[in-house]
Amino acid sequence: DAGVIQSPRHEVTEMGQEVTLRCKLISGHNSLFWYRQTMMRGLELLIYFNNNVPIDDSGMPEDRFSAKMPNASFSTLKIQPSEPRDSAVYFCASRTNEKLFFGSGTQLSVL
Amino acid sequence: AQSVTQLGSHVSVSEGALVLLRCNYSSSVPPYLFWYVQYPNQGLQLLLKYTTGATLVKGINGFEAEFKKSETSFHLTKPSAHMSDAAEYFCAVSEGNTDKLIFGTGTRLQVFP
């Protein structure tokens, strides 16, 4: 199994542009988490899904952020419009048996 | 709501010395506790976890942690540091076997020769 795969690895964009981050889960895992990591706030849980259904999105900073899970193996996190303060590393993780498996993250820079 | 506090954002030790990374938690129900490690430019990897049963938990790479309910602590230790242990370490808590995992702010471990 290739593990959790995130794309792109790096994203540089200008303020106001739409950004879409992608995540492919490990086959058979039924929970999907999106985290954001910054120096100031550490790892923040943005949203998580269980069996493709969003369970808790209380960590999503504002309406500019949205996440979808169209099928059991894929998820997207969209920021529209992006702002410089969105610059961070975004991780997705899938879960089985109380263990999270993280992707390598997407380094987002909004100029 | 649960939360995690990691004391010390940076810890430096000499190679061969004891490693002690501190973690205190808050949870209204019996917690599940975790330590994760993050190497540069990588995602987090599970080191060890406590769910129920034995309070001393052994993980990978020689690390272990002890759940102390009376102190609401779950400190991570390793008897002898190795250069390859240099990384960022995160303590995390979930309320029982729920999906939501809350992370601490992390402790960066430096190991000097």
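What's counted below: heavy atoms across the whole structure, side chains too, no hydrogens, waters or symmetry copies. Remember, predicted model here, so these are calculated numbers, not experimental data.
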Side-chain polar contacts of residues 47-58 of chain B - donor-acceptor pairs under 3.5 angstrom, sequence neighbours left out - could you list them?
| unit_1 | atom_1 | unit_2 | atom_2 | d |
| --- | --- | --- | --- | --- |
| B:Lys49 | NZ | A:Asn97 | O | 3.0 |
| B:Lys49 | NZ | A:Glu98 | OE1 | 3.0 |
| B:Lys58 | NZ | B:Glu64 | OE1 | 2.7 |

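- At a heavy-atom cut-off of under 4.5 Å, chain B is reached by no residue from residues 66-84 of chain A.
- In the hydrophobic cluster analysis, where Ile, Leu, Val, Met, Phe, Trp and Tyr join through side-chain heavy atoms closer than 4.5 angstrom, B:Leu18 is grouped apart from B:Met83.
- Hydrophobic clustering of Ile, Leu, Val, Met, Phe, Trp and Tyr side chains at less than 4.5 Å, counting indirect connections, keeps B:Phe103 apart from B:Trp35.
- Connection of A:Phe49 to A:Leu46 is established within a shared hydrophobic cluster, with ILVMFWY side chains joined at heavy-atom distances below 4.5 Å, either directly or through further cluster members.
- Remark: A:Phe91 CZ to B:Gln38 CD distance equals 4.5 Å, nearest 0.5 Å.
- Within 6.0 Å of atom CZ in B:Arg22, 12 or fewer heavy atoms from other residues, nucleotides or ligands are found, so the atom counts as exposed in its surroundings.
- Between the CD atom in B:Gln45 and the CZ atom in A:Phe101 there is a gap of 10.5 Å [rounded to 0.5 Å].
- Residues of residues 103-111 of chain A lying under 4.5 angstrom from chain B, judged on non-hydrogen atoms, are A:Gly103, A:Ser104 in numerical order.
- The minimum heavy-atom distance between A:Lys99 and B:Leu46, with the atom names listed, is CG-CD2, 3.5 Å.
- When hydrophobic clusters are built by joining Ile, Leu, Val, Met, Phe, Trp and Tyr residues whose side-chain heavy atoms come closer than 4.5 Å, directly or via intermediates, B:Phe34 is grouped together with A:Tyr48.
- In this structure, B:Phe90 is not a member of the same hydrophobic cluster as B:Leu33, with clusters built from ILVMFWY side-chain heavy atoms closer than 4.5 Å.
- Between B:Leu101 and A:Leu100 the shortest side-chain heavy-atom distance falls below 4.5 Å.
- Contacts of residues 34-43 of chain A with chain B at a heavy-atom distance below 4.5 Å involve A:Tyr35, A:Gln37, A:Leu43, listed in sequence order.
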